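Report on the following structure.
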Amino acid sequence: MEPGRRGSLALLTDLYQFTMAYGYWRAGRQREPAEFELFFRRCPCQGGFALSAGLGECLAFLRGFRLREPEIEYLQSVLPSTTEKAFFDYLRTVDASEVTVSSAPEGSVIFATVPLLQVKGPLLVVQLLETTLLCLVNYASLVATNAARFRMLAGPDKKLLELGLRRAQGPDGGLSASKYSYIGGFDWTSNVLAGKLYGVPVRGTVAHSYVMSFTSLMEVQPRTLKPLDGDEPVDFLPLAELWLQRVCQTLQVPHDRVNYGELAAFVSYAIAFPHNFQGLVDTYSIMGSGIPNFCAVALALNQLGYRAVGIRVDSGDLGKQAREIRQVLRTCSANFQVPWFATIPIAVSNDISERSLEELMQEGNEIDMIGIGTNLVTCPLQPSLGCVYKLVKVNGCPKLKLTEDEEKMTIPGSKVVYRLYDATGLAFMDLMALEEEPPARAGQEVAVRLLGRSEEARRVTPMAVEILHRTYFKDGQVCQALPSLLEVKSHAQASLSLLSPAHKRLQDPEPYQVAVTEKLHFLLSDLRRSSR
């Protein structure tokens, strides 16, 4: 949900944020300095990483964060009648002018327990930000990660089209999916509004309904098309019919098996879009009608100087059909001496999932472009990333959530996160340290404690060190130049390239190491003992 499209998001939150805010105000604690961290506890989809996303929308939300009079009036109607009027007067003054937000650059690889966002400011204000920030980060990061997984399965050369708008969780979910799947590695979207709002490249041609709407060649209007390098229009329909006869003879397809309504649809579309003709060939029989009709129209276009841009298949055994289609294209290329015809791109779609895509890639295929919708935008392997927003420091005191569930325990204090790289240039550990500690440095040994393990400290020597977070919001303003969506996408791929293949495996990945310094480990141990 874009703040610019829906106005203020100050009430896009849970009611208990305002009840807690009232409690802080009544106790005189509203301005106590506090720090929260936003992170997830487990990597999504049983994988080994996530991509951080949603930072740009968080910053836009923070810039506009303010409770306006209609919102104050609504809060007065839903909070208990005993709520003091002076509290609402105080809410009228609340904004994010004293909030500081640090984050890894959008598109960065992030791991479990490592903060995506670090949020500092007056206790009441940073408490009110919780739900909205979670809402803006959770799905964005999840769908970007899901898209990255599909990209890794497809490899770098296949083109990926996101076409999940009709299956998404409402219009905001559809727009977010288009935007963040692009960050995760997709090339295009079918979503026109996402193209307008975000600059994501859009693609689309026809559906089966267009092909089915034609019954006979009599419906082809207009029939003429100007050659690419000529001024005199040519009657395109008989040209396509002539080529159909030649194609059927070459492919040994009975001429009477071809569906002429389909041919009429292809001819009409080619006349309308001679530079962008793509045939959807599975409305009837792929090899008995769709492919002969496509080849006839494409060869007729070629005779006038145009090139068809592709074929799409939306049903059946996609890998097998793509191989058979490629063979037909090569046959026509050789028989009719049209070299480029053999390399016409083949696109497929049909409820493609991680599993079906993996099978397609394992068996080898002639597919050039893959359209993915439902299994991309709904993230069926894990519908929510599960980010949380936890207090780690208030009024100068580190805070620890201690629980029976070890996984839900938090890491206290104001922290710096270092990403450590080995001699090969790959990241091997994220190290959390207290802000006051000396910084980790390349070539210097450091003692660390791995999270989730009870073993003694180990010593590591990084060959390179990167501070993971940067300050993006301070004094009510964005304080870093924000990258374009394409630059975020490029950063995501660069960030992934710095991970070992073992950490990027989609199934049974080798766990990436997240550790704390000895000083932070002892603080954690002390707070555990004192909280029991």
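Everything numeric in this text was worked out from a predicted model, so none of it was measured.
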Heavy atoms of M287 and I291 approach each other most closely as SD-CG1, 4.2 Å
query = Just checking, K489 and Y182: is the charged tip under 6.0 Å from the six-membered ring centre and within 45° of the axis?
reply = yes
Residue set satisfying side-chain hydrogen bond (donor to acceptor under 3.5 Å, both in side chains) with N350, at least two apart, ordered chain then number -> none
N-O pairing of D351 and R167 below 4.0 Å: no
**Message:** Strictly distance-based, threshold 3.5 Å: is any side-chain N or O of E162 a donor or acceptor partner for the main-chain N or O of G164?
**Reply:** yes
Applying side chain to side chain contact (heavy atoms under 4.5 Å, CB included) to V416 and not counting sequence neighbours gives Y418, E435, I467
side-chain hydrogen bond (donor to acceptor under 3.5 Å, both in side chains) filter on T424, not counting sequence neighbours, yields D422
R41 meets the side-chain hydrogen bond (donor to acceptor under 3.5 Å, both in side chains) criterion, sequence neighbours left out, with none
Got a donor-acceptor contact below 3.5 angstrom from the R330 side chain to the T343 backbone?
no
TODO: Look at the rings of Y269 and F273 and say which category their plane angle falls in: under 30° parallel, 30 to 60° tilted, over 60° perpendicular.
DONE: tilted
The complete set of salt bridge (charged side-chain N to carboxylate O under 4.0 Å, His left out) pairs with one or both residues in residues 284-305, sequence neighbours excluded, reads none
Requested in this report: Taking atom CD of Q362 as the centre, report whether more than 12 heavy atoms of other residues, nucleotides or ligands fall under 6.0 Å from it.
Outcome: yes
**Request:** Please indicate whether M212 has more than 12 foreign heavy atoms, meaning atoms of other residues, nucleotides or ligands, lying under 6.0 Å from its CE.
**Result:** no
Sequence neighbours excluded, the answer for side chain to side chain contact (heavy atoms under 4.5 Å, CB included) partners of E262 is V211, N259, F266, T283, Y284, S289, N293
Review point. More than 12 non-hydrogen atoms from neighbouring residues, nucleotides or ligands closer than 6.0 Å to CD on E219, yes or no?
Key: yes
Hits for salt bridge (Lys or Arg N to Asp or Glu O under 4.0 Å) against K320, two or more places apart or cross-chain, chain-then-number order -> E324
Those residues at least two apart in sequence (or on a different chain) that pass side chain to side chain contact (heavy atoms under 4.5 Å, CB included) with S353 are R355, S356, N375
Checking V297, V220, L217 against S268 for side chain to side chain contact (heavy atoms under 4.5 Å, CB included), the one that qualifies is V220
Rounding to 0.5 Å, atoms CD (E130) and CG (L38) come to a distance of 8.5 Å
Those residues at least two apart in sequence (or on a different chain) that pass side-chain hydrogen bond (donor to acceptor under 3.5 Å, both in side chains) with S349 are R312, D314
d(N146 CG, S141 OG) to nearest 0.5 Å is 12.5 Å
Donor-acceptor pair between E106 and Y472 side chains, under 3.5 angstrom: no
- Task: Please check if atom CD in Q507 has more than 12 non-hydrogen atoms from other residues, nucleotides or ligands closer than 6.0 Å.
- Result: no
Practice problem: Report the relative orientation of the aromatic rings in W243 and F336; use parallel for angles under 30°, tilted for 30 to 60°, perpendicular for over 60°. | Solution: perpendicular
With sequence neighbours left out, the residues meeting side chain to side chain contact (heavy atoms under 4.5 Å, CB included) with L304 are L225, P227, V234, F236, L239, Y306
In K158, R151, R203, the residue satisfying salt bridge (Lys or Arg N to Asp or Glu O under 4.0 Å) with D187 is R151
Residues at least two apart in sequence or cross-chain that pass ring-ring contact (aromatic ring centres under 6.0 Å, His included) with Y139, listed by chain then number, are none
For residues 299-311, the salt bridge (charged side-chain N to carboxylate O under 4.0 Å, His left out) pairs (sequence neighbours left out) are none
